[in-house]
Amino acid sequence: MEFTVQQIADLLQGQVHGDGNATVNRLAKIEEGTPGSLSFLSNAKYEHYLYSTGATAVIVAKTLEIKQPVSANLILVDDPYSSFSTLLEVYQQAVAAARTGVEEPCFIGENSSIGERHYRGAFSYIGKNCKIGTGVHIYPHVYIGDNVTIGDNTVLFAGAKIYADCVIGASCTIHAGAVIGSDGFGFAPQKDGSYKAIPQIGNVVLEDHVRIGANTTVDCATMGSTIIRTGTKIDNLVQVAHNVEIGRHTVVAAQTAFAGSSKVGNYCTIAGQVGVVGHISIADRTIVGAKSGISKNIKEEGTFVQGAPAFDYKQNLRAMAVFRKLPELQKQVEELREKL
C-alpha cells in the first residue's frame, strides 16, 4: 500500500514540512530508513539519525528544534510516539481486513451467529448458542465454547481458547495460546489431608479494547465473574485467578500473577514478575516495580511501591543501599564492641 506524506499527515492531524506529494509504502526505524519508508522520532537519543536517515518522511514533534539540514520530509505532530502507534494500528487493521472468509475444515454449533466480514481459520471451533460480532477474526485452532459472546472487530489468534459462557468485548485482541475461562484454583482441604475440588461455575468478562498476551490465563470466577475492564493491556505469561477484577486502562507486564479475588484499580502499572496475594485491593494509578510482592492493601492513589514484600519505592531504594553496606556496617559494629 502506498500513501502520500500529506495523506499520512491528514490521518494524524499533523502538518507537512516538505513535499506532501512524496509517497511512502512501508514503515521503518529511523536509523534504518530508506527511500519510500516512513519513520518517527520521539526519543532525543535518536535525534542524530534525523539528519542522516534515508527515510522519505519522519514523524516528529511540533516543538522539535531542527539543528541541521534534514533531507526527509517531516510530519509535525503533538506526540510522535502516539501518532506512530496510531499509524501501526491503522496498518494492522488494514492487513486484518484483507483476510476474510471461512477456511475448511472448521465448525460452528447450532444457534450460533457471526457477523459480516468475519474470518474463520481452519480447524477453528465455535460451540452452541454463541453470538459473535462483525469483523471478528478467528485464526486456526481457536476454540470457543458454548454460550460465548464476542464483540465487533475482536481478533483471536491461533490456538486461543475461550471457555463456555465467557463474554469478550469489542476490539479486543487475544493472542496465541491464551486461555480465557479455565477453572479457578479452588480446593477445599479434607480431614484426611486430601483436597476436594470446588466447582467453578462463574465466567470471565473482558470489556472493550482489552489485550491478552500469548499464553496468558484468565480463570473463571467461582461464582459471578472475573473481570478485566476497558482498555487494559496484559502481557504474555500472566496468571489472573478466579474472581479477580482489574480496572480500566491498567497495564500488566509478563510473568505477573494475581491470586483469587484481588482487585486492581484503574490506570495502574504492574511491572514484570509481580505477585499479588488474594483478597486485597490496589488503589488507582498505583505503580508496582518488577519482582515485587504485594501482600496487603494499597489504599492511597498514585502510590509507587517495590520489593518483596513491597513498600514505598524511595524507601526501598534506601534500604537496598544500606543492604549493600551490611558487611562494612557489621565490621564497624564489631570494632565498636571491642572498643567498648
Side-chain angles (χ1 to χ4, degrees), residues 27 85 88-89 91-99 103 106 118-127 132-133 135-145 148-164 166-185 203-220 226-242 244-259 262 264 268-276 288 290-291:
L27 305 174
S85 297
L88 290 174
E89 183 178 358
Y91 173 78
Q92 186 180 53
Q93 289 173 350
V95 171
R99 186 185 287 267
E103 298 174 356
C106 61
H118 73 270
Y119 163 69
R120 282 190 283 145
F123 302 100
S124 59
Y125 177 98
I126 299 173
I132 300 174
V136 171
H137 282 61
I138 300 170
Y139 280 76
H141 295 280
V142 167
Y143 169 85
I144 299 172
V148 168
T149 300
I150 299 176
D152 296 344
N153 301 312
T154 283
V155 179
L156 291 82
F157 283 101
K161 306 294 188 291
I162 314 297
Y163 280 45
C166 289
V167 178
I168 311 296
S171 300
C172 291
T173 301
I174 300 176
H175 281 282
V179 179
I180 310 298
S182 51
D183 273 4
F185 193 70
N203 72 342
V204 172
V205 175
L206 307 185
E207 295 185 344
D208 299 341
H209 301 283
V210 169
R211 176 202 186 275
I212 303 295
N215 294 320
T216 282
T217 56
V218 183
D219 292 345
C220 72
T226 301
I227 303 173
I228 299 177
R229 303 288 184 187
T230 298
T232 284
K233 316 300 183 188
I234 297 181
D235 199 359
N236 307 330
L237 297 167
V238 171
Q239 160 66 12
V240 181
H242 58 88
V244 168
E245 294 185 22
I246 300 179
R248 302 185 307 277
H249 303 291
T250 284
V251 290
V252 181
Q255 297 184 353
T256 287
F258 301 92
S262 56
V264 181
C268 294
T269 300
I270 313 294
Q273 295 187 333
V274 168
V276 180
V288 181
K291 294 190 175 182

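All figures in this text were calculated on a predicted structure; none of them were measured in a lab. All residue numbers in this chain count up from 1 along the given sequence.
Nearest approach of Val276 to Ser262, heavy atoms of both residues: CG1-CB, 4.0 Å. Looking at every heavy atom in both residues, Ala160 comes nearest to His175 through CB-O, 4.0 Å. Considering every non-hydrogen atom in both Ser124 and Ile138, the closest pair reads CB-CG2, 3.9 Å. Across Ala241 and Ala259, no two heavy atoms sit closer than the pair CB-C, 3.7 Å.
Side-chain contact between Val218 and Val179: absent, with no pair of heavy atoms (C-beta onward) separated by less than 4.5 Å. At least one side-chain heavy atom of Ile168 sits less than 4.5 Å from a side-chain heavy atom of Ile180.
Other residues, nucleotides and ligands contribute over 12 non-hydrogen atoms within 6.0 Å of the NZ atom of Lys233.
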Query raised in the report: Stepwise, does the side chain to side chain contact (heavy atoms under 4.5 Å, CB included) test hold for Ile228 with Ile234?
Result: CA-CA 10 Å; Ile228 299 177; Ile234 297 181; 3.6 Å; yes
**Report entry** Audit row: Ile162, Ile174, side chain to side chain contact (heavy atoms under 4.5 Å, CB included) steps and yes/no
**Finding:** CA-CA 10 Å; Ile162 314 297; Ile174 300 176; 3.8 Å; yes
Report task. Verify side-chain hydrogen bond (donor to acceptor under 3.5 Å, both in side chains) between Asn153 and Ser171, making sure each step is shown before the conclusion. Result -> CA-CA 5 Å; Asn153 301 312; Ser171 300; 4.5 Å; no
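Here side-chain hydrogen bond (donor to acceptor under 3.5 Å, both in side chains) pairs that include residues 244-257, with residues two or more places apart or in two chains, are Gln255-Gln273.
Atom-to-atom distance recorded for Arg99:CZ and His137:NE2 is 7.5 Å, nearest 0.5 angstrom.
Between Tyr143 and Tyr163, the ring planes are perpendicular. Angles over 60° get that label, and only those under 30° would be called parallel.
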